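Okay, so here's the structure we're looking at.
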There are 2 protein chains.
Amino acid sequence: MLTDRTRVRRHADRGSHDRATIHAILDEAYVCHVGFVAEGSPVVIPTAFVRVDDAIYLHGAVANHMLRSLAGGACCVTVTLLDALVLAKSAFHHSMNYRSVVVFGRGRVVDTHDQKRAVLDALVDRLAPQRSLHTRGPDDSELRATLVIEVPITEASAKIRSGPPVDSAEDLVLPHWSGLIPIVTSLGAPIPAP
Amino acid sequence: MLTDRTRVRRHADRGSHDRATIHAILDEAYVCHVGFVAEGSPVVIPTAFVRVDDAIYLHGAVANHMLRSLAGGACCVTVTLLDALVLAKSAFHHSMNYRSVVVFGRGRVVDTHDQKRAVLDALVDRLAPQRSLHTRGPDDSELRATLVIEVPITEASAKIRSGPPVDSAEDLVLPHWSGLIPIVTSLGAPIPAP
């Protein structure tokens with residue numbers, strides 16, 4: 001999966017092309033940011049996604065501008081998990097702990113109802129365990145109204161920063177507090193629909 | 001701020017061009033996703049940012065590939081806050097509650113040390129209140145090593161989904177649970193550096 005584009009240039013020590021690492025980051029996130037080029041300009045749109053095997057799946061209405069651009073077009077799908085704010089003794093070494101994945105690829109339209117149904121099941125199962133068994137599944141008209149795009153995870157990299165702040169030796173004597181402030185993402189108590 | 005690019009096409013009722021709404025979303029997020037075009041292909045990279053007045057500021061090493069592309073180049077800066085998973089009685093109406101902002105613009109290099117210093121102060125103040133007063137500020141060599149890019153918020157839109165799931169009338173009789181599962185992002189107890 002290492003190509004010139006996926007070589008991590010800044011802080012190369014933070015980069016990885018390990019498939020299990022990439023999959024674990026993708027599987028923890030609810031949203032990805034999809035980049036594509038529209039009339040020569042870059043566009044970045046957040047959207048739900050699910051990974052199944054070695055592909056990312058996006059979906060939306062058949063008229064969706066982004067998804068139509070992605071059908072056969074180049075895209076970049078990026079996923080970021082934030083773990084902590086990193087406060088150093090010097091402003092210069094402030095940072096964040098994060099885990100991110102960048103996937104370069106081309107979208108392909110998923111065109112059989114069977115595969116579409118499998119992807120849409122996986123999408124709702126991502127929101128709650130076995131949710132697809134406890135909801136009304138898509139009917140034929142809903143499947144026809146939904147465009148599903150597959151982006152293969154063939155050209156991808158992960159980048160991870162973890163651990164405490166790293167200050168220069170001469171700053172370690174400064175009196176300022178330094179350390180991590182964890183960012184915790186959790187699910188709250190369910191709120192039933194009215 | 002309404003242009004053809006920032007007109008919200010899908011679910012236009014969820015769109016806004018109100019400056020206070022856009023600023024509030026930007027000010028709650030720690031990370032943005034920056035899209036640019038490199039050798040004809042879209043690239044999306046997560047990075048820290050801060051809003052000051054009507055601009056977004058990004059920073060990094062002078063050799064940073066993305067920032068160098070942004071100096072004078074077109075970019076799209078997108079910020080997303082996730083608020084809830086939306087579980088409907090039908091798979092088709094599953095969704096997420098979110099608040100997002102998309103800014104189209106061109107980067108400009110911030111070239112005075114005074115303005116760079118002000119932006120870097122604002123960046124660390126974003127991580128903890130008044131942090132810039134309680135850390136060693138950047139010295140001249142650190143300022144020279146840091147590239148700061150300004151992206152004006154002139155062409156921008158917000159998009160927001162809130163509230164409960166919306167099912168079709170005929171699905172409301174189904175026995176499946178429906179409602180919201182809140183996504184809560186909070187800061188944990190600080191962990192001092194070793």
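Just the heavy atoms: all of them, side chains too, but no hydrogens, waters or symmetry mates, feed the values below. From a predicted model like this one, the values you see are computed outputs, not experimental measurements. In the text below, chain A, chain B and the rest are named by the order of the sequence lines, each starting its count at 1.
For the pair B:Val102 and A:Val44, the tightest heavy-atom approach, listed with the atom from each and the gap, is CG2-O, 3.9 Å. Considering every non-hydrogen atom in both B:Leu187 and A:Ile181, the closest pair reads CB-CG2, 4.0 Å. Nearest approach of B:Cys76 to A:Pro42, heavy atoms of both residues: CB-O, 3.3 Å. The minimum heavy-atom distance between B:Ala48 and A:Met96, with the atom names listed, is CB-CE, 3.8 Å. Between A:Trp177 and B:Arg131 the shortest heavy-atom distance is O-NH2, 2.7 Å. Between A:Ile191 and B:Pro182, the shortest heavy-atom contact is CD1-CG, 3.8 Å.
The greatest number of non-hydrogen atom pairs below 4.5 Å with chain A, out of B:Val77, B:Leu120, B:Leu82, is found for B:Leu82. The candidate with the highest count of non-hydrogen atom pairs below 4.5 Å against chain B, out of A:Leu143, A:Val31, A:Val43, A:Leu174, is A:Val43. Contact count versus chain A (heavy atoms, under 4.5 Å) is highest, among B:Pro164, B:Ser90, B:Cys75, B:Gly35, for B:Ser90.
With A:Thr78 contributing its side chain and B:Ile45 its backbone, the two residues share no donor-acceptor pair below 3.5 Å. Listed for the B:Thr80 side chain is no donor-acceptor partner under 3.5 Å among the backbone atoms of A:Pro46. In this structure a side-chain-to-backbone donor-acceptor pair under 3.5 Å is missing from A:Ser178 to B:Ala193. Remark: the backbone N or O of B:Thr185 is not paired with any side-chain donor or acceptor of A:Thr185 at under 3.5 angstrom.
In this structure, the portion of B:Ala128 lying under 4.5 Å from any heavy atom of chain A is its side chain and not its backbone. Interface remark: B:Ser132 contributes no atoms to any contact with chain A (heavy atom separation under 4.5 Å). Using a 4.5 Å cut-off between heavy atoms, B:Pro165 touches chain A through its side chain atoms alone.
With rounding to the nearest 0.5 angstrom, the OH atom of B:Tyr30 is 6.0 Å from the CD1 atom of A:Ile183. Atoms CZ and CG, from B:Arg136 and A:Asp171 in turn, are 4.0 Å apart once rounded to the nearest 0.5 Å. To the nearest 0.5 Å, atoms OG (B:Ser100) and NE2 (A:His33) are separated by 7.5 Å.
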Can you list the steps and then say if A:Thr135 with B:His94 is a side chain to side chain contact (heavy atoms under 4.5 Å, CB included)?
CA-CA 10 Å; A:Thr135 187; B:His94 279 58; 3.4 Å; yes
